[in-house]
Every structure is written in C-alpha cells, then in structure tokens.
Amino acid sequence: MNDINFKQRWLDARRKIIEHSFGKLNPEQRLGVMTTEGPLLLLAGAGSGKTTVIINRIANLIRFGKASDCDEIDESATDEELEFIERYAKFFSPEDAKRAEELVAYQPAEPWRIMAITFTNKAADELKARLEVMLGEAANDVWASTFHSACVRILRKDIDRMGMFSKSFTIYDTSDCLSLVKHILKDLDIDEKKFAPRSILSVISGAKDEMISAEEFLSAAGNDPWRKTIGQVYKEYTGRMIDSNALDFDDLILYTVKLFMECPEVLEFYQNKFRYLLVDEYQDTNMLQYKFVSLLADKRKNICVVGDDDQGIYKFRGATIENILSFEKQYKNCRVIRLEQNYRSTEFILEASNAVIRRNTARKGKELWTKNGRGEKLTLYVAASENDEAQFVASKILTGFSQGANWSDFAVLYRMNAQSNQLEHAFKRNGIPYKVFGGMKFYDRAEIKDMLAYMCVVNNPDDDLRLRRIINNPPRGIGDKTVDTAAEIAAREGMTLFELLKKCREYPELQRSAAKLLLFTNMIDDMRSEVSERTLDDLYEFILSKSGYLAALEAKNTQEDQTRAENVRELKTNIVSFIKDRNGVGNLADFLDEMALYTDLDQLEKDTDCAVMMTMHSAKGLEFPTVFMVGVEENIFPGTRSIGDPEEIEEERRLCYVGMTRAKQKLYITAAKQRMLFGRTSCNSVSRFVKEIPEECLETIQAVRNVSSYQSSSGGYKQGGGNYSVGSSYSAPAPSAPAAKYSVSSKIAAKPAAPAANVMFRKGDSIVHKAFGAGVISAMQEMGGDFLVEIIFDKVGTKRLMLKSAAQYMKKAD
DNA sequence: ATCATAACGCTTTTT
DNA sequence: GCGTTATGAT
C-alpha cells in the first residue's frame, strides 16, 4: 500500500465525515467551525448564526481536535480502519458513527483546554446551556464565562502573589465606586460641581484601560490643574481600594493582566492550560481586555475572535473597534471568514440597514443578504407629538394582537431611557401589557444594596465603604460626624475603620459614641462568628433580624417600606435558589461574587407575554418580529452631543444599524415634529439616518393634523383598516361604527365632551374590543376630562382602559 | 439626626 | 418633567 495514497484517502474521508457532522451549517459557517488552528477572525453580521458557529466550533475541537484543519494523521492507522471510515464517509450509517468519529479525531481537545469569553452573563449562560445540549456533562469543564468572572476566578487563586490584595477581596460595583469618589472629593476638599464624580470615574477608568498608574497619571498631568486634581483623586482612590481589599470592575481585568506580567509562571500556567481561546463580541473589547486575551494567546496563537465591527456601540465605555479592525495586523497569518447570510430579517430590512451602515468609513465592509424574501417595506411615521407617536405605536400593537400576534412579538427601541415615559402611558391607556428594561433593577434598590452591604462587611470587615453604608442604617445614633472622625483617626493610624472602631475607647474624641460604636462592632462580630455555623440562607435570616433592618422597615408602616420589606425578604429567595444551583453548598464569598457580577438576574422572562421597551443598546443580540424605533430625530438620534463629531456620528449610525437589524418581519421608524423632552418642547427634523434609507424601502406616513387644531374632529390618517387619530382630537370612526363620532378631552377644553362619551358607553354595556374581544363595562370613573373604564373581558380578564384611547377599538355589542 | 424644600441637570452602560 | 441631591429648620 502506497503511503501517500493512504494518507490522502484518509484525509479525504476524514474531511467528508467532519463536514457531514456539521452538515446543517452553511459553507461559511462550516468553514468557521473547521478552521481550528491559528488566529481566526470571524466577522459575523447581525443574525448570521454567530452563536451556532461558536457552539459548533467548540464541539468540533472536543470531538475532532485539529483534524479538520491539518494534514497530519495518526501513525497507527490501519488499512481496516481506513476502509471503515471510507465506508462511513459514503453511507453514513448511524451505527458506525461513533467509531468512525473516534478514528477520525486527531488530538481532540479536553473541554478544560477551551476558554470562551463573552461580555454578558446572559451570553455565557446561553453558551453553557447550548454546549451542554450538544456535549452533555463534558460541557461543564469548558471555561465559558465573561471577562470579569474569568478574571475573578484567576485572581481568587493567585492575587496574593502581588502583595496588595488578599484572596478574599471584595468587588465594588459602579455605584460603590461613585460613592467612594464622593467621599474622597469631600475629604480632599474638592468641589463636586467642578469635578463631577462620574466623569472623574470615567477618566480613571480610561487611565486604567491604558494601564497608566496614578503616579504616572500625575506626572503626565504637568501643570494642568484639572488633570492634577483628578490624578490626586485617582491616587487616593487606588490607595483606599487597596486598604479596603476591594477591586472595581476595571481592576478585575487590570490586576489579572498585572499578575500575568509580574508572575510569568501564572501566565504560563494558563497559556499551557488553554489550547484554544475564543472571544465573542470582539468589537466591544477595550485595551485591557485586548491585552488579557493577547497574553493568553501569545504562546499557541490559537485564538478565534468573533465580532461585527458594524455593531460596536460601546466606545464611550472604552471599547475600541480598533481591536477588531487591526486584528489582521496583529496576527499576520490570520484567516478571515465573513458570515453575511442573515437568517433573521427580510430583504427590505437588510437593504435598508446595509444602506445606512454603508455610510460609515471605519469598517471592514460587509453586506448582509437573506433568503427570507422581500417582506414588508419599512414604515416611517412622522408624528405630530411624542404623545401621538406613542399612541401610534400602541395602536399598531393592538392591531397586531387582534390579528393573532403575541404581545412579546413587539419591541419598542429608543435612544434614551427617558423616552419610555410617554410610551408607558400609552400602553397603560390601551391595556397593553409591557415590560421596561434597563430601569431600576432589583439589585440596584437601596434596601437590597443595604443587605448586601451587611453581608459584604460580615465577609470582609475591611470594606470601609460598605461599613459606612450600614453603620447607621437602621439608625443607631451614629452620625456622619462620628464616622468621619473615626475614619480620620483610622487613616492616621493606618488601620481600617472597623479595626479602629473596636478600639474606640482609646480615643477621647470617640468617647461619647463609644458605647454605640462597640454595640455595632460586636453585632458584626456576632454575625461573623455565625458564618461557619449556619447555612447561607440561615445566616441571611440571622443578619436580617440581628441588624434590626427588617424590624425598622416594618415599624414604619408606609406603603413604600412595606415594599422594601418584601424586597428584602425576596432576596432570601435568591439566596435559596443560589444554594440550590450549587447543589446545597453555597458559601458567602461565592454568593457575593455572583451578586457583584450578576446584575441582570431578572432577565427577559419568556413566560410572560409582554411587549418590551428598551434602549437600542440593550437590544443588541435580541430579535423581535416587529420593532419600533422611536424618536428617530436629529438631536435625539443622533444626539446633540454627537453632532459635529464624525466619529461619534459613526457610532450612532452603528447603533442605528443595531436597532434596525433587530427586526425580523416589520420595522417601524417614528419621529415627532414636536416633542417635550426634559421639560422643554423642541422641534426636530427627521434623523439623517432615515434619509440614508433608500426610498424604495420606505413607506412614509405623515400625521395629518398639527397639534394646535384641537377642535377638529377629523384628524388622523387612514390606512389598512387601522384607524388612528392625532393630537387631542379623537375621532372614532371604527370600521364597524363609523358614526360613533365624539370628542373627549384636550387640555384646552376642560371636559366639554364628557357627556357625549357617556352617551356612547356606560356602565353595564356589553362591548366588543378589537384586540381583547367581548366584555362588559363594570365600572366607569371620570378622570381628567376622560373616563377610566373597567372592562371584564371574557378572554383576557379585567382591564382598565382610558376611554378616549380605547373607544376607537370598541363598539357596543348588540 | 432627620425631615422638608429648593436647585440642578440630564446619552447610551454587557461587568 | 422628574428624580436626585444640598441645604437649612426643627
């Protein structure tokens, strides 16, 4: 048997077999999966099945190793084996699959040799879940995590080697850092108005990103007073973080990189451990993250980065799409694969999105295409006011629902959270169930942070910041001034606040409050001594009562405190489920890690059917059958701040592209001629981005009425059976009841038409609503020139609607 | 020490 | 327009 011939036949069969096991993928996707060795840049457009490629690529590494990407074969291969795999490559008989795949594999990677980095916990969880489906138990050993949790894991093991922090360090979130900066400004006597804590933090964050230390920052500041002051704050900030044994989000990565550089043996350990590296959303990495990845990949260069330069929208947080744009320069022999087939949207949507993003100059260049068909044109609605805009969205959703869509098929995307208000009102008025994302999160609530602060202090008494948060909460008669003097002495003596408080008797300045202070430190010590004695949920219960926190809330007895008490109890549910997730063993430190890094535990609950509204930023990675992009106006989107700066405009344009490509079937874009924002009315023209959409993709609807003509009853447009009216003149020519014309409301005429409405509908009437079906009006209450009607529907239960909005969808049943 | 009122200022935010 | 924060009064 000819050796060359044998090898070639083996390679051919092997290729066929591997290709077959990834047969569901398109050619580009399969190429991405099978390119395992060396640097790989995977440019994955929106909706191109990126996650599928990542999952399958990992599966390929584990099942076949480097077999799909090299010319080597096992020396020991026999003729019988060759014939076997050739037979399998021809007939693919399922009973032969297992042996054939095993034979074909070449140096398969153990799961723990693979690291897959994502940005969000959600993405990491999804990755893990899908890997488990594909690979079973083995999937658990793949390091699939966020940058931050990977770094925490690394630091918990070796951070003490650097001599600044101990392994039990705590993690400060953004608001912790903000209050730390505020404390520092106060102590250094710096005016908060001249030096906004937020911007100081972002400068510090920027410096860390470039690995500039406080000292270096200060010496680079020269005589610039602004930078000098910030440098001082930065220095103080770093010092206090070290004293408190605390790390912020940036530090997690910064100190990991430092650890790698200072302790080569640590770096080497991970370089040897991870044979394959995979980074998702590479366009969102900052310098530090780039550095982290580069160091890890330096030895083997088996690094695959996945991203879309057109979707980089986090420049303001330090992300630089430069990382993805220059990947090819960094790795000379790098291979590039483009995924341009889109499985999500229609041709109209993609054509429009492509046209918009094409205007950007800083990009690799990509054109999405699809086999999904033309679809519907995009609709631009130019509303008279923000109210009108919101009502338009609501009416479209109601119409859609009445035609069989789910509420969750609809998403409203806006540029800023402040825009959600009007929409919420409109949704409430119309009885549309909805959920707003990105607002106040459960873990952001003061009472939750308070309880977590207790747990942090119990875990790490050196945590001065959290200590200050809880020392007088609930009130223990320990005032700010007492704490301030104690902190001063502590700084002078080189102790942490907690250590000093225990010795407060020794200091005359603290004599007066000594009893109270010791009561507090004893309480914390009592809690600490219970850590090893109790289960985590039990410990929480103990802290809850021992601190008097819950009792203080219950004593207040206002509605608000009632809710707070509930939230605090609700936290226990989270603790219990945390323990359950870890098979009954949950320790305090791990729980706090998870809390610090897992901010979005209350995610998109799929079980509740709700329309959703969120910023375009938070919509990244999601998709919806129908998407409304609202407020697409100059000065809002693009925002005032970015106008005039070409780079900023490009970032906004990418955001626009992200928003547009969320839509699967239908995309509505709306703008208002006039809107009230931040208490001021402004008139903006339709966004330049809309003008970049080819005319043939777009159908435009103008609100007929301008806002001032309140008295006219013939406002509105007619289109496709949907009826809609503008401003405050509500005509109700529902298709079924064209004569039902009345007018309620307006800010001008107080309530002139109220009786008229009353004539149309009254309590006890049986009605049919276009979206909700049949129902009976069970109550009616006059409210601000309108009526709040309560209707018991046969199918969807009781709803409370504003008559003026609802009437256009209602008729009397007879 | 805690509650009230005035003044400000305001993108986006995976961790 | 609203929510947060700074300051003063009790």
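Excluded from the calculations below are hydrogen atoms, water molecules and symmetry mates; all remaining heavy atoms, backbone and side chain alike, are included. Naming convention: chains lettered A, B, ... in sequence-line order (proteins, then strands); numbering from 1 in each chain.
Between B:dT12, C:dG1, B:dT14, one nucleotide has an atom nearer to the side chain of A:F678 than all others, and that is C:dG1. Across B:dT12, C:dT5, B:dT15, the shortest atom-to-atom separation from the side chain of A:K182 is found for C:dT5. In the set B:dT15, B:dT14, B:dT11, the nucleotide with an atom closest to the side chain of A:R415 is B:dT11. Of the candidate nucleotides B:dT15, C:dT5, B:dT14, B:dT15 has the atom nearest to the side chain of A:T146. Distances were taken from every side-chain heavy atom of A:E192 (C-beta onward) to each of C:dA6, B:dT15, B:dT11; the shortest belongs to C:dA6.
For A:N417 and B:dT11, the shortest distance from a side-chain N or O to OP1 or OP2 is not below 4.0 Å. A close approach under 4.0 Å does occur between a side-chain nitrogen or oxygen of A:T615 and OP1 or OP2 of B:dT13.
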Could you write out each protein N or O paired with an N or O of nucleotides 5-9 of chain B at a distance under 3.5 Å?
none

Please list, for nucleotides 1-3 of chain B, all pairs of protein and nucleotide N/O atoms separated by less than 3.5 Å.
from: B:dA1; atom 1: OP1; to: A:G479; atom 2: N; distance (Å): 2.9

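Listed by chain and number, the residues in a salt bridge (Lys or Arg N to Asp or Glu O under 4.0 Å) with A:D450 are A:R469 (sequence neighbours excluded). Partners of A:K50 according to the salt bridge (Lys or Arg N to Asp or Glu O under 4.0 Å) rule, which considers only residues two or more places apart in sequence or in another chain, are A:D280, A:E281. Under the rule for a side-chain hydrogen bond (donor to acceptor under 3.5 Å, both in side chains), the partners of A:T52 that lie at least two apart in sequence or sit in another chain are A:R130. For A:S353, the side-chain hydrogen bond (donor to acceptor under 3.5 Å, both in side chains) test picks out no residue, with sequence neighbours left out. By the salt bridge (Lys or Arg N to Asp or Glu O under 4.0 Å) test, A:R564 pairs with A:E447, A:E560, A:D561, sequence neighbours left out. Taking A:S244 as the reference, A:Y172, A:A246, A:D464 meet the side-chain contact (heavy atoms from CB on, under 4.5 Å) condition, with sequence neighbours excluded. Partners of A:R198 by side-chain contact (heavy atoms from CB on, under 4.5 Å), not counting sequence neighbours, listed by chain and number: A:L178. With sequence neighbours excluded, the residues satisfying salt bridge (Lys or Arg N to Asp or Glu O under 4.0 Å) with A:K167 are A:D160.
Stacking between A:F316 and the base of B:dT12 is present: ring centres sit under 5.5 Å apart and the planes differ by under 30 degrees.
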Do any side-chain atoms of residues 179-186 of chain A form donor-acceptor pairs under 3.5 angstrom with protein atoms, and if so which ones, sequence neighbours left out?
from: A:S179; atom 1: OG; to: A:S175; atom 2: O; distance (Å): 3.2
from: A:S179; atom 1: OG; to: A:D176; atom 2: O; distance (Å): 3.1
from: A:H183; atom 1: ND1; to: A:S179; atom 2: O; distance (Å): 3.2

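The NE2 atom of A:H148 sits 11 Å away from the C1' atom of B:dT13 (whole-angstrom rounding). Taking atom CD of A:E424 as the reference point, atom P of C:dG3 lies 11 Å away to the nearest angstrom. Taking atom CD1 of residue A:I313 and atom P of nucleotide B:dT13, one finds them 9 Å apart after rounding to whole Å. Atom CE in A:M416 sits about 14 Å away from atom C1' in C:dC2, given to the nearest Å. Between A:F637 atom CZ and B:dT11 atom P there is a gap of 16 Å when expressed in whole angstrom units. We find that NE2 of A:H617 is positioned 9 Å from P of B:dT12, with the value rounded to whole Å. With rounding to whole Å, A:R654 atom CZ is found 18 Å from B:dT12 atom P. Atom pair A:K186:NZ and C:dT5:P shows a separation of 14 Å (rounding to whole Å applied).
Open room surrounds CE on A:M287; 12 or fewer heavy atoms of other groups in view lie less than 6.0 Å from it.
The gap from the P atom of C:dT5 to that of B:dT12 amounts to 16 Å, rounded to the nearest Å.
A:F249 contributes atom CZ, which lies 11.5 Å from atom OG of A:S205 (distance to the nearest 0.5 angstrom).
No hydrogens or angles were tested; on distance alone, a donor-acceptor pair under 3.5 Å links the side chain of A:R317 to the base of B:dT15.
Annotated as anti: B:dT12, whose glycosidic dihedral deviates from 0 by more than 90°.
Within residues 638-653 of chain A, the residues having any heavy atom closer than 4.0 Å to DNA chain B are, in order of number, A:R641, A:E648, A:E652.
A:Q422 and A:R675 are not linked by any side-chain donor-acceptor pair at a separation below 3.5 angstrom, with hydrogens and angles left out of the test.
No contact: A:F147 has no heavy atom under 4.0 Å from any strand.
In summary, A:D187 and A:R240 engage in a salt bridge, as defined by a charged side-chain N under 4.0 Å from a carboxylate O.
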